[in-house]
Every structure is written in structure tokens, then in C-alpha cells.
> 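Sharing a structure with you now.
Atoms considered below: every heavy atom in the structure, side chains included; atoms not considered: hydrogens, waters and symmetry mates. Here is how names work: the chains are called A, B, and so on, in the same order as the sequence lines, proteins then strands, and each is numbered from 1.
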Protein chains: 2
Amino acid sequence: MIVRKGHLAEMAEGAESAELDFLFSEGRERHFVQGEHLITEGERTDYFYDVLDGTVALARNGRDGRRQILSFLGARQFLGASSTERYPNLATALTPVTAICYPRAALERVLETTPSFGSKFRVVLTRILESSHDHVYTIGQRSAVERVASFLLYLRSNQARFDPVGPRDKSTHIELPMTRLDIADFLGLTIETVSRAFSSLKRSEVITFKDSHSCEIINLEKIRELGGREDFTEHRGRA
Amino acid sequence: MIVRKGHLAEMAEGAESAELDFLFSEGRERHFVQGEHLITEGERTDYFYDVLDGTVALARNGRDGRRQILSFLGARQFLGASSTERYPNLATALTPVTAICYPRAALERVLETTPSFGSKFRVVLTRILESSHDHVYTIGQRSAVERVASFLLYLRSNQARFDPVGPRDKSTHIELPMTRLDIADFLGLTIETVSRAFSSLKRSEVITFKDSHSCEIINLEKIRELGGREDFTEHRGRA
DNA sequence: CGTTACATTGATTAATGTCAAGTGGTGTGG
DNA sequence: CCACACCACTTGACATTAATCAATGTAACG
């Protein structure tokens, strides 16, 4: 039984169908400890997750030990969309995670029978694609310091999704629930380079750290100039 | 009036609705000369393209002149999916291009009313996302030579989409309709590095060039080892 | 405390970028 | 038909960035 309402349920508001009722009756709240995998590589794509709490890293691993983190997922984000029988990526809980787990088949049935819901879902998919395109631009074109600045804006817009009072332009506090290695693997850098980039931003008084996993943006303009990401203050809107 | 049937029409086979009929009655075959833009940055997202012939580069430009090519689109590929009012990317014809142009509104109406079509469309979107994830892995983790090898496999699987006799594992000929700068901007490298990577692959007798825009793979195993992409011989399937 | 894991900093190396020169094909005009 | 100019591409020399290797620092935990 679902205790809390997830983003998927929110998206379904207004629509009604037997398939929707079935989908939500099948949703189960699941808890994952830090380090646990929500989805493993090569696993059948039988489940779909709606994250309620915590942070998940979605990663693709190379045979030779290389790892690329594709996204960090937090509250109000989805996990498990796939066009193939088996999932090529690995989803790991970076913190304790709560998510609603739906059977994919039930979701597919809703998408096939409830067009208004299908449309909203397609918009979400498109946003995920646009976010991936941002990521490609960042690692293809930006320097190490720029990538880190861009990453801070990425996290900032991610955490704004779930801010109870809505996105606020002035928020300057950023939580970094992941390790430096996770950040490095997201940005296509090494831990040392990430660390040096943070130090460089500290030295030029653009950010400060309370501890190594939470920082404060002192000069948001400078971060924007470096990271160049359109965040929620722009026309982009929330997912 | 549509002369040739595009991929979108192929996807609609089996389904029938007034909205579909309207969509296809509104489709117009358009021709673009080399260098012409199908979509410009900031343009309203009013049209959706189904490429019949030629190659299109989809790119995101930075303010400072940096450019990241997000994908090369050929026959049977779509262009124009967006979650926002204005399109953030630039689509340029690299060769003479023929595409069917549909009004987005008509497409949206079909997607909202013809669920079986909507589902197929969602699968296509998901594949595009997976391809973008491949791209992120490539530029985040691979070296210059590996990126170029991966790029050859990317082109190979793209051209296989439209091979009249279907994908063939043995095909070794690769057409490179784009310039070295386009390749560099796709892979997050410079033209010089791309050129050196090609030379290095020539020297080790992995590929040969007929001319600078078409090459032959001599040692496909080596290219796969370097580029590590699952292409159409794997479980990935065609879009 | 001592151990462990993660983060930072420093010194050096390797890879890619930058700048510059040279090559080769293509098209144009004398 | 040839000379020239113009591109795009290639190659070489050098500069810069980030990776690698190696300490050192720091916070959490037994």
C-alpha cells in the first residue's frame, strides 16, 4: 500500500481509469540503505521507481572499471525507463532512499489506455533527454572548474524540485550527498581535479564549505557565468 | 502532400484515427540545401521533422562560440521533440536534406488520442535518451582514439537503419558526410586531435580512407574493442 | 587513541589543445 | 589547359590542462 503520494500519482491527478487504479494499488513503498542497488546492470526491466526521498546515482559501467554517472536522482524523479528487455545501467542509493516501486507492465497499460497521462509522461521523458543534452554539453565543452560550477547549478535546480515553498532564486545552500568520486564520475574528471576545482572556487571566494558535503554559494553570478546552465529561474520550468 | 512515406507513417501502421489522417494530410515534404537550418535556436517549437534523406547535425551553441553537436540525424530519424516553448538547439543540414515537416500541434493531438501510436513514440524517445547516455559515456570516459572508434560504430549503426537489405553485421564501409570540425564538436575534441586519431587508426591498419569522407573498417574487432559500443548486432534493436 | 575512508595538496607525467606550417583536392579565370 | 586561390585536412612543435602518483590532512568510529 502506498503511504505517501509520489510524483507519478501527482501527474495522474485529474485522470481516472481502471488501469490507473490498478497501477496505484500495485505500487509499494520500498526502502533502500546506502549503497544498495535499486536496479542492477542487465536486470530485466520489470520495475519502475518514483523516488520520494534520498539520492540515487544512475551509472553506466565499462568492462574495464570505468564508470560514468548519468544522473543523480532525488525526490520527484523517476527511474527505470528503458526501451530494451534488460536495463543497461546501475542505480545505487547514495543515501537511505525511499521510493515507490511499480510493476512496469501496469505502468505500460496505463500509458496505453490513458492518453492524458501518457502525454505528461512524454513531457517528462523529453525533459530527461534535455537534461542529458545539457550534460553532454558540459562534459564535451567545459573546463574542470566550469564543470564543477555547472554541477552546483545542476544540484541546485534538482533540490529546488522538492523545496516545499517552491523554487527560490535566492537559495544558495547546496547539499552534496555524493562522494568526490561520484562527482568525478559524473563530470568525466578525477577526484583530484574535482577537489582542486572546489579549492579554486573557495580561494576566489565564489563558494564556501561548511563541511565537505555541503556548501554555500557566495557569488551566484560568478557560478552562473562559469557553469552557464539555465536553471529554474529561466523558462525551463519544473519536471 | 507527402510523396514518400516517412518513419512516422510507418510507425502509425495498424492504427487508425481522424487525428492521424489529419496529421498526415498536414505533412509536407521539404528540401534543405547544405548549410541550411531546419530549426534555429530560440525558435518556437511548432514543427516536427521526419528525415527522409541526407544528414542533419543537432547542436547546442554556447555564448562564447563553443559548440556541442548532440547528434547526427539521418533517414528514419526525428527532429523537434521539446518540452519547452522554444527550441534550445540548432539543426543544420550537412548535406542536401529531404524531410517531412509536420505541425507539432497535429502530432500532439495524435499522441493524445491514439495511445498505440503514443506508446511507439515513447519507445523512440527512450531510445534517443539511451543514445544520449551512450554519448555521455563516450565523452566522459573515453580517450581521443576511443571516441573516434566509438564514433565510427555510431555512424555504422545509424546508416544500418536505412539499409534496404537490413542491418548487416559485415558492413565495413562508413560514409562521413560531416567535416572534421563537426566530428570534433560531437566528440568534445579539436579537429587536430580527431585528425591524429584517424591517422593513428590508419597507421595501425584498423581503418583506411578512400577519401577524407569515406572510410573502410579493416579490423572491426579492434574498433569494437576501442569503441565498445553495442551496435545493431547486439540486443539493442532498431529505432 | 588507532584505524579507516575520504578529501586535499603537491610533484610529475601524459594527453589534448594551440599555434603554425604544409599538403592536396577543387573550382575559377586567364 | 594551366596557374592560382581557397578550403579542408594533416602534420609538427610547443603549451596547457588534467591525470597520475604520492603524501598529507581530517573526520567518523571502534
Side-chain angles (χ1 to χ4, degrees), chain A residues 34-35 55 57 62 64-69 92 94-96 138-152 174-204 207-215 226, chain B residues 34-35 55 57 62 64-69 92 94-95 138-151 174-204 207-215 226:
Chain A
Q34 192 173 354
T55 304
D64 49 3
R66 285 184 277 194
R67 180 179 75 141
Q68 176 67 46
I69 292 187
T92 312
L94 298 180
T95 63
T138 294
I139 59 188
Q141 300 298 321
R142 294 197 230 261
S143 72
V145 173
E146 288 172 336
R147 290 186 211 188
V148 167
S150 168
F151 175 65
L152 292 175
I174 312 246
E175 286 295 323
L176 303 147
M178 64 293 291
T179 66
R180 294 293 186 267
L181 181 61
D182 294 326
I183 299 172
D185 286 348
F186 180 75
L187 295 175
L189 298 169
T190 60
I191 43 175
E192 292 93 336
T193 303
V194 169
S195 188
R196 278 187 249 270
F198 277 132
S199 298
S200 153
L201 290 172
K202 275 190 286 186
R203 232 175 302 118
S204 48
I207 59 174
T208 44
F209 277 88
K210 266 182 51 177
D211 60 275
S212 63
H213 292 281
S214 73
C215 85
L226 288 166
Chain B
Q34 192 172 354
T55 304
D64 50 4
R66 285 185 276 194
R67 180 179 74 142
Q68 175 67 45
I69 292 187
T92 312
L94 299 181
T95 63
T138 294
I139 57 188
Q141 300 298 320
R142 294 198 231 261
S143 71
V145 173
E146 289 172 334
R147 289 186 212 189
V148 167
S150 168
F151 175 66
I174 313 248
E175 286 296 323
L176 302 148
M178 63 293 290
T179 67
R180 293 292 186 269
L181 181 60
D182 294 326
I183 299 172
D185 286 348
F186 179 75
L187 295 175
L189 297 169
T190 59
I191 42 175
E192 292 93 337
T193 303
V194 169
S195 187
R196 280 186 248 271
F198 276 133
S199 298
S200 153
L201 290 171
K202 274 191 286 185
R203 233 176 300 118
S204 48
I207 59 174
T208 45
F209 277 88
K210 266 181 52 174
D211 60 274
S212 63
H213 292 282
S214 72
C215 86
L226 287 166

> Side-chain N or O of A:Ser212 less than 4.0 angstrom from OP1 or OP2 on D:dT26?
no
> Separation of B:Gln141 atom CD from D:dA19 atom P, in whole Å?
10 Å
> Could you tell me whether the side chain of A:Leu226 reaches within less than 4.5 Å of the side chain of A:Leu201, counting heavy atoms only?
yes
> Drop me the distance from B:Leu94's CG to B:Thr179's OG1, to the nearest 0.5 angstrom.
7.5 Å
> For the residue pair A:Phe151 and A:Phe186, does the interplanar ring angle fall in the parallel (under 30°), tilted (30 to 60°) or perpendicular (over 60°) class?
tilted
> What's the spacing between A:Thr92 OG1 and A:Ile69 CD1 if we round to 0.5 Å?
8.0 Å
> Over how many whole Å does the gap from B:Asp211 atom CG to D:dC7 atom C1' extend?
15 Å
> Given atom CZ of A:Arg180 and atom P of C:dT8, what is their separation to the nearest angstrom?
4 Å
> Once you round it to whole Å, what is the distance between C1' of D:dA27 and CZ of A:Phe209?
16 Å
> In this structure, how many angstroms lie between the P atom of D:dA19 and the CG atom of A:Asp185, rounded?
11 Å
> What one-letter contact string describes nucleotides 16-25 of chain C from 5' to 3', where B marks a base within less than 4.0 Å of any protein heavy atom, S marks contact via sugar-phosphate atoms alone, and - marks no contact?
SSBB------
> Return yes if some donor-acceptor pair links the side-chain N/O of A:Ser200 with the main-chain N/O of A:Arg196 below 3.5 Å, else return no.
no
> For the pair made of CG in A:Leu201 and P in C:dT8, what is the distance, rounded to whole Å?
12 Å
> Counting only side-chain N and O atoms of B:His213, is one of them less than 4.0 Å from OP1 or OP2 of D:dC9?
yes
> NZ of A:Lys210 versus C1' of C:dA7: gap in Å, rounded?
18 Å
> Would you say the side-chain atoms of B:Ser199 pair up with the backbone N or O of B:Ser195, donor to acceptor, closer than 3.5 Å?
yes
> Does a side-chain heavy-atom distance below 4.5 Å link B:Arg67 with B:Asp182?
yes
> Give B:Thr179 one of three labels, base, sugar-phosphate or nothing, depending on what nucleic acid heavy atoms sit under 4.0 Å from its own.
sugar-phosphate
> I need the CG-C1' distance between A:Leu181 and C:dT8, as an integer number of Å.
15 Å
